[in-house]
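Treat the numbers as computed from the prediction; the structure is a model and nothing was measured.
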Amino acid sequence: MTELSTAQARRIALAAQGFLDKRHVAPTMRTFQRTLDRTGVLQVDSVNVLQRAHFMPLYSRMGPYDVELLRRAAEERPRRVVEYWAHVQAFMPVELWPVMQHRMTTYRQQRGKWSFVDADPELEQDLLAEVRDRGASTARDLDDGLPRTKDNWGWNWSETRKVLDFLFMAGDLAVAGRNSQFEILYDLPERVIPADVLARPTPSLEEANLELVRRAAVSLGVATAGCLRDYYRMHNDHVQPAIRTLLETGELLPASIQGWKRPAYLHRDARRPRRVSARALLSPFDPVVWERERTERLFDFRYRIEIYTPAEKRIHGYYVLPFLLRDQIVARVDLKADRKSGRLIVKAAYAEPGAPDDTAAELSAELRTLAGWLGLDAVSAEPRGDLAALLRF
């Protein structure tokens, strides 16, 4: 049994996520691949008040980079990533397509049981035929004026969009890319997924579960069963047998973390650094913080996203990013990219209890770097939060 302090577990987790890697002056596709190997998946989200979610974890680890790297990886040959429901909607390595076949089959079997889509085999076949003839298409391209509703959190989805998303989750369609309005371009899998990947045999359910838990363990470094389950949004009864197998083969080592009641598992290849010298702003959808209980235990940092909270009830702000300095989360900032004025606006900035003396200086420097990456000319701070007045630009 490996016994770890919280600080040791935290450093192992950060190392697994790539925060020991040095930032390159000009990140390349090789840098991108190295970073993807660490995170495993990049969650996709449409909120664009700062930068879309899937671009941010790459920035947090690589530093300023050309976002064309991700577009090329997702849309050009050799395709390296593809969107699928891997965590939630996320970019995943394209070689996981066969591994996800069991998930796709499950969605297909649940056809007609979802609250947001009715069983409509005729519309499904019509849309598949249309995509086959037209090529990569958005829902708007294919929509023939079917009625829309404003149910479900205000989404204004047509029946076409609902069925297309079902076909995507069932693996009958794949995401070929997105247009400038961030609309999904749906296409047939054989025109999206590399032929050699499509030709691979579908692993057994047990093999697929084992591969997902293995990848989660690599990305997390040290984790509980709950952490491993959440990374690829798996069922507990699929995770436990995989953990037992990985323990038997020695890929996972039993561990205990000081103050944690649940047993933990350490990946045998996880790096165990004595220090981490990171400085990064973390997206609300970054793997370091997306599982809130894990974040609280590792960093003593309670974090909730308040996008869907009415403005008057928000505690910290609309789009709040934790600030990682060395191996601690020391502050949080509510940020907005005001592209019309060319400014990065700090709507609020708060220091965490026990934040080191250099927090304001390091955060100021990171905000300047972020603004430059976003193509913004200046940074300004509004007077909200105990850290705001200490920032210097």
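- Here the side chain of H24 pairs no donor or acceptor atom with the backbone of A26 at under 3.5 angstrom.
- Legend: residues meeting side-chain contact (heavy atoms from CB on, under 4.5 Å) with P356, ordered by chain and number and at least two apart, are L325, R326, V330, D358, T359.
- Looking only at side-chain heavy atoms (C-beta outward), R52 and D45 stay at 4.5 Å or farther from each other.
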Query raised in the report: When you look at I307 and Y319, which way does the side chain to side chain contact (heavy atoms under 4.5 Å, CB included) test go after all the steps?
Result: CA-CA 6 Å; I307 289 174; Y319 202 76; 3.9 Å; yes

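- Counting all heavy atoms, side chain and backbone alike, I257 lies closest to S5 at CG2-O, 4.2 Å.
- Atom OG1 of T39 and atom NE2 of H54 lie 13.0 Å apart (nearest 0.5 Å).
- In the model, D286 has no side-chain atom that pairs as donor or acceptor with a side-chain atom of S283 under 3.5 Å.
- Hydrophobic cluster membership is shared by F323 and F285, with clusters built from Ile, Leu, Val, Met, Phe, Trp and Tyr side chains linked at under 4.5 angstrom.
- To the nearest 0.5 Å, the span separating CG on L376 from NZ on K336 amounts to 12.0 Å.
- Judged by distance alone, the side chain of S137 and the main-chain N or O of G135 form a donor-acceptor pair under 3.5 Å.
- Rounding to the nearest 0.5 angstrom, the gap separating the CD atom in E291 from the CG atom in L220 is 9.0 Å.
- Hydrophobic clustering of Ile, Leu, Val, Met, Phe, Trp and Tyr side chains at less than 4.5 Å, counting indirect connections, unites L167 with Y107.
- Residue pairs meeting the salt bridge (Lys or Arg N to Asp or Glu O under 4.0 Å) criterion with at least one member in residues 295-319, sequence neighbours excluded, are E293-R297.
- Between the side chain of E207 and the backbone N or O of S204, at least one donor-acceptor pair lies under 3.5 Å.
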Anything under 3.5 Å between a donor and an acceptor, one on a side chain of residues 13-20, the other on a protein residue two or more places apart or in another chain? List them.
residue : atom : partner : partner atom : Å
Q17     : OE1  : R61     : NH2          : 2.8
Q17     : NE2  : S219    : O            : 2.9
Q17     : NE2  : Y231    : OH           : 3.1

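- When all heavy atoms are compared, the tightest approach of H87 to A90 is N-CB, 4.3 Å.
- Note that the CG atom of L70 and the CG atom of L42 stand 6.5 Å from one another [nearest 0.5 Å].
- Atoms CZ and CG, on R215 and L228 in that order, are 14.5 Å from each other to the nearest 0.5 Å.
- A 4.5 Å side-chain heavy-atom check between W97 and R200 finds every atom pair outside the cut-off.
- Panel note: side chain R384, backbone A381; no donor-acceptor pair is recorded below 3.5 Å.
- A donor-acceptor pair shorter than 3.5 Å can be found between the side chains of S341 and R343.
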Report task. Mind running side chain to side chain contact (heavy atoms under 4.5 Å, CB included) on T224 and R229 for me, showing each step along the way? Result -> CA-CA 9 Å; T224 65; R229 181 180 65 247; over 6 Å; no

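- Between Q240 and A225, the shortest heavy-atom contact is NE2-CB, 3.6 Å.
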Query raised in the report: Step by step, would you call L212 with V99 a side chain to side chain contact (heavy atoms under 4.5 Å, CB included)?
Result: CA-CA 8 Å; L212 292 178; V99 177; 3.9 Å; yes

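- Annotation: R134, atom CZ; neighbour count of heavy atoms from other residues, nucleotides and ligands within 6.0 Å is above 12.
- Residue V44 is not grouped with residue L282 when hydrophobic side chains (ILVMFWY) are merged at heavy-atom distances under 4.5 angstrom, including chains of intermediate members.
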Acceptor/donor pairs from residues 73-84 side chains to any protein atom, 3.5 angstrom cut, sequence neighbours excluded:
residue : atom : partner : partner atom : Å
E76     : OE2  : R71     : NH2          : 2.6
R79     : NE   : V192    : O            : 2.7
R79     : NH1  : A74     : O            : 2.0
R80     : NH1  : Q33     : OE1          : 3.1
E83     : OE1  : Q89     : NE2          : 2.8
E83     : OE1  : R178    : NH2          : 2.9
E83     : OE2  : R178    : NE           : 2.9
Y84     : OH   : M169    : O            : 2.5

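- R72 places no side-chain N or O within 3.5 Å of a backbone atom of M29 that could act as its donor or acceptor partner.
- In terms of hydrophobic clustering, with Ile, Leu, Val, Met, Phe, Trp and Tyr side chains grouped at heavy-atom distances under 4.5 Å, L185 and L127 are assigned to different clusters.
- Atom CD of Q181 has more than 12 heavy atoms from other residues, nucleotides or ligands within 6.0 Å.
- With N179 contributing its side chain and F182 its backbone, the two residues share a donor-acceptor pair below 3.5 Å.
- Annotation for W260 and L298: closest pair CZ2-CD2, 3.7 Å, computed over non-hydrogen atoms.
- Tracing side-chain contacts under 4.5 Å through hydrophobic residues (I, L, V, M, F, W, Y), one never reaches I345 starting from L391; they form parts of separate clusters.
- At least one side-chain heavy atom of R103 sits less than 4.5 Å from a side-chain heavy atom of M234.
- A salt bridge does not link R294 with D230: every distance from a Lys NZ or Arg NE/NH1/NH2 to an Asp or Glu carboxylate oxygen is 4.0 Å or more.
- Between A53 and P57, the closest heavy-atom pair is O-CD, 2.9 Å.
- Considering only heavy atoms from C-beta on, V218 stays 4.5 Å or farther from D269 through its side chain.
- For the atom pair OG1 (T295) and CZ (R10), the distance works out to 12.0 Å, reported to the nearest 0.5 Å.
- With sequence neighbours excluded, the residues forming a side-chain contact (heavy atoms from CB on, under 4.5 Å) with R272 are T2, I12, L253, L266, listed by chain and number.
- Exactly one residue among T138, D141, D165 makes a side chain to side chain donor-acceptor pair (under 3.5 Å) with Y186. That residue is D165.
- Proximity of the aromatic rings of Y350 and H316 is defined here by a centroid distance below 6.0 angstrom, and this criterion is met.
- Between V289 and P284 the shortest side-chain heavy-atom distance does not fall below 4.5 Å.
- Checked against the 6.0 Å centroid criterion, the rings of Y232 and H102 do not qualify as a close aromatic pair.
- In plain terms, the two heavy atoms of A136 and D187 that are nearest each other are N-OD2, 3.4 Å.
- Within the 4.5 Å cutoff, no side-chain heavy atoms of V346 are placed close to those of E382.
- Under a 3.5 Å cut-off, the side chain of N209 and the backbone N or O of L205 do form a donor-acceptor pair.
- The local environment of CD in E68 is crowded, with over 12 non-hydrogen atoms from other residues, nucleotides or ligands closer than 6.0 Å.
- One N or O on the side chain of D386 and one on the backbone of A351 form a donor-acceptor pair closer than 3.5 Å.
- Under the 4.5 Å side-chain criterion, counting only non-hydrogen atoms from C-beta, L324 is not in contact with R279.
- Looking only at side-chain heavy atoms (C-beta outward), Y303 and R332 come within less than 4.5 Å of each other.
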Query raised in the report: Stepwise, does the side chain to side chain contact (heavy atoms under 4.5 Å, CB included) test hold for L363 with L390?
Result: CA-CA 10 Å; L363 177 56; L390 302 177; over 6 Å; no

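- Listed by chain and residue number, L210, E211, L246, E251 satisfy the side-chain contact (heavy atoms from CB on, under 4.5 Å) test with R214 (two or more places apart in sequence, or in another chain).
- Ring centers of W85 and F168: at least 6.0 Å apart, outside the cut-off.
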